[in-house]
Amino acid sequence: MNAVLIALLVLPLLGAALTLAPVFGPDPAAADRRALRFGTVLTGAVLVLTVALAAGFDHDEPARMQATTDVAWIPAIGVRLHLGVDGVSLPLLVLTSLLTFLCALYSERRLPSGEGVPSARSFVGLFLLLEVGMLATFAVLDLVLFFLAFEIVLIPMYFLIARWGSGAKVPAANRFILYTLLGSAVMLLGFLLVGLKAGTFDMQALAAAHGSGLSHSTQVIAALAIMVGLAVKAPAWPLHSWLPGAHTAAPTVGSVLLAGVLLKMGTYGLVRVLLPVVPDGTTTLAPYLGAFAAVGIVYGSLACLALARTGAKGDLKRLIAYSSVGHMGFVLLGIASLTPVGVNGALFANIAHGLITGLLFFVVGALKDRYGTADLDTLAGATGGALYGRAPRLGALLAFAAVASLGLPGLAGFWGELLAMFGAFDPAEGLSRPAFVTYMVLAGLGTLLTAAYLLIVVRRVCMGDPKQPAPVAELADLRPYEAVSWTPLAALTLLAGLWPALLLGLSDPAVKHLLGGG
């Protein structure tokens, strides 16, 4: 199984390198087609390997690190090539490989266009390099390697936005890279402080020590630096301002991966590094993290309400980006509670958000392709967009993703938010219960506001009179390649909502292990 985990990382890395070689033929058009097909086949192979890893995983011991590789890499500073997977990281690896494959499949038929783009080979190479960084982030068990994997994703995502995006794509890409690089630099300072004081960068050894050997002041300083760096990627309010522009400008597949995977890297780091490595420092800062999370939930919902109102000229992709600020606030609130219930809810909400928001961005991207814009007023027209009448399958998928996002019971969006609020209702010992109950009440208000803006979007875009003049002469309904790319996300959203034990059974023992000092 360790060979399978290594192959998950090596295969897309070799594929990215292969796109630099002249192996796709001299004809540019044929070479582009072959490169896109190559990307689909390679990401499909990675998905098969991930499924094999999940099938071979010992589900009776999800708290134990499995498929491990641990060899010396830079002995001078004690950095090791340490890989492994447990019940916390396995679902994220599966989510990453699935979304990457679906995006590659979608891009084969709908490659994003942009000025000055050299070839599809460049797109595929950057796409595969992005997959390497995302998978490695969830598989490495060394702080230095975690930082490197965290950084690998920035460059390909920057170029995907700046070269294949639309609108104000260069300023959005610059803001994205500036914020995330500064956050990563602060996070690295925290890692170095922990590694130098503890004498190791090994995340398993640090988790087993559970803060012993680190003074309280050292833990607080390290926790603050690590928390700030990871909060930028999450993103937590008020460090979120890079996100709306990046989502609005990014191509469809870039938005899907940015929301579905990259945001999860920050919250995963909080659970994997912050909770077990510097527990005392985390306990000191948890009330502040909870406060920022609660404000982010309400702020994101109010921003979406403002964009959804008639005449606001709100961009639908921008609205979904702000909704991510609110949804990730629930994840941060669950982590801040420092309870198994809250952290399990956060991890469940991570996966649910990746599935649901990935589907939302796919559907909205398709609407933008058809209408030529994602402006909500244009999509809705004077009397409503009437998507149910003009393109019923597209309308049904948009409504399904919207009600899943607002937390309808029976769909994936419900359980994570509910458990995060339960965790805030009864936080860990040493945390102020009145403060966290206040955060829970604000989060409950956020759920109501979320339902309000998403139902407004569904009413304006999906309902209306199809006999009224439409913004476009003809609106194509769901195409076959779109159905193939999107159906797995809808099916998994339903499956996770009806069978939450599928994820909670994996994460719960691992979370208790991390919180207990292992």
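- With ring centers used as reference points, His240 lies under 6.0 Å from Tyr299.
- With rounding to the nearest 0.5 Å, the separation of CG in Leu431 from OG in Ser337 is 8.0 Å.
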For the pair Leu504 and Leu419, evaluate side chain to side chain contact (heavy atoms under 4.5 Å, CB included) and give the outcome as yes or no after the intermediate values.
CA-CA 11 Å; Leu504 295 175; Leu419 292 175; 4.0 Å; yes
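- Checking side-chain atoms of Ser323 against main-chain N and O of Ile320 turns up a donor-acceptor pair under 3.5 Å.
- Leu181 and Glu151 make their closest contact through CD2-OE1, 3.2 Å (heavy atoms, listed as atom of the first residue, atom of the second, distance).
- Across all non-hydrogen atoms, the minimal contact from Trp486 to Leu359 is CB-CD1, 3.8 Å.
- A donor-acceptor pair shorter than 3.5 Å can be found between the side chains of Ser241 and Tyr179.
- Note that the CZ atom of Arg272 and the CG atom of Asp86 stand 4.0 Å from one another [nearest 0.5 Å].
- Two residues are said to be in side-chain contact when any heavy atoms from C-beta on lie closer than 4.5 Å; Pro392 and Asp477 meet this criterion.
- Looking at heavy atoms from C-beta onward, Leu302 lies out of side-chain contact with Tyr322 at the 4.5 angstrom threshold.
- Taking each heavy atom of Ala349 and Val331 in turn, the nearest pair found is CB-CG2, 3.7 Å.
- Rounding to the nearest 0.5 angstrom, the gap separating the CD atom in Glu482 from the CZ atom in Arg393 is 12.0 Å.
- The CG atom of Asp377 lies 4.5 Å from the CZ atom of Arg460; values are rounded to the nearest 0.5 Å.
- Separating the CG atom in Leu338 from the CG atom in Leu515 is a distance of 7.0 Å, to the nearest 0.5 Å.
- A side-chain donor-acceptor contact under 3.5 Å links Lys264 to the backbone of Ala259.
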Just do the side chain to side chain contact (heavy atoms under 4.5 Å, CB included) check on Val140 and Phe150 with the steps written out, would you?
CA-CA 10 Å; Val140 298; Phe150 209 79; over 6 Å; no
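- By the 6.0 Å contact criterion, CZ on Arg109 is open, its count of non-hydrogen atoms from other residues, nucleotides or ligands being 12 or less.
- Closest approach of Thr40 and Thr43 over heavy atoms only: O-OG1, 3.1 Å.
- Annotation: cation-pi geometry satisfied between Arg433 and Phe425 (NZ/CZ under 6.0 angstrom from ring centroid, within 45° of ring axis).
- For the pair Val48/Val51, no side-chain contact is recorded, criterion being any heavy-atom separation below 4.5 Å from C-beta on.
- The closest side-chain heavy-atom distance from Leu274 to Leu270 is below 4.5 Å.
- With hydrogens and angles ignored, the 3.5 Å screen pairs no side-chain donor or acceptor of Thr487 with any backbone N or O of Val484.
- Without hydrogens or angle criteria, Thr357 side chain to Gly354 main chain gives no donor-acceptor distance under 3.5 Å.
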The test is side chain to side chain contact (heavy atoms under 4.5 Å, CB included); show your working for Val232 and Leu182 and say whether it passes.
CA-CA 9 Å; Val232 172; Leu182 288 175; over 6 Å; no
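- Of the candidates Leu99, Leu129, Leu262, Met134 forms a side chain to side chain contact (heavy atoms under 4.5 Å, CB included) with just one, namely Leu262.
- Remark: side-chain polar atoms of Ser255 are paired, donor with acceptor, to backbone N or O of His247 under 3.5 angstrom.
- Under a 3.5 Å cut-off, the side chain of Gln66 and the backbone N or O of Glu61 do form a donor-acceptor pair.
- A salt bridge is absent between Asp315 and Lys368; no separation between the charged side-chain nitrogens and carboxylate oxygens falls under 4.0 Å.
- One finds the OG1 atom of Thr100 at 8.5 Å from the CG atom of Leu95 (value rounded to the nearest 0.5 Å).
- Panel note: side chain Trp415, backbone Gly345; no donor-acceptor pair is recorded below 3.5 Å.
- Annotation: Phe362 is in aromatic contact with Tyr106 [ring centroid separation under 6.0 Å].
- Using a 4.5 Å cut-off on side-chain heavy atoms (C-beta onward), Tyr453 and Leu406 make no contact.
- Ser405 places no side-chain N or O within donor-acceptor distance of the main-chain N or O of Ala401, the cut-off being under 3.5 Å.
- Counting heavy atoms of neighbouring residues, nucleotides and ligands inside a 6.0 Å radius, atom CZ of Phe414 exceeds 12 of them.
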For His327 and Glu417: C-alpha separation, side-chain torsions, deciding distance, then whether side chain to side chain contact (heavy atoms under 4.5 Å, CB included) applies.
CA-CA 8 Å; His327 288 305; Glu417 296 181 1; 3.0 Å; yes
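- In this structure, Leu263 and His353 have side chains that are in contact, with non-hydrogen atoms separated by less than 4.5 Å.
- Smallest separation of non-hydrogen atoms from Pro244 and Thr248: O-OG1, 2.7 Å.
- Residues Leu126 and Trp164 meet the side-chain proximity criterion, which asks for heavy atoms closer than 4.5 Å.
- Between the side chain of Asp508 and the backbone N or O of Val511 there is no donor-acceptor pair closer than 3.5 Å.
- Across all their heavy atoms, Ala424 and Met440 have their closest contact at CB-CB, 4.0 Å.
- Within the 4.5 Å cutoff, the side chain of Leu160 has heavy atoms near those of the Phe123 side chain.
- Residues Tyr288 and Phe292 place their aromatic rings such that the two centres sit no closer than 6.0 Å.
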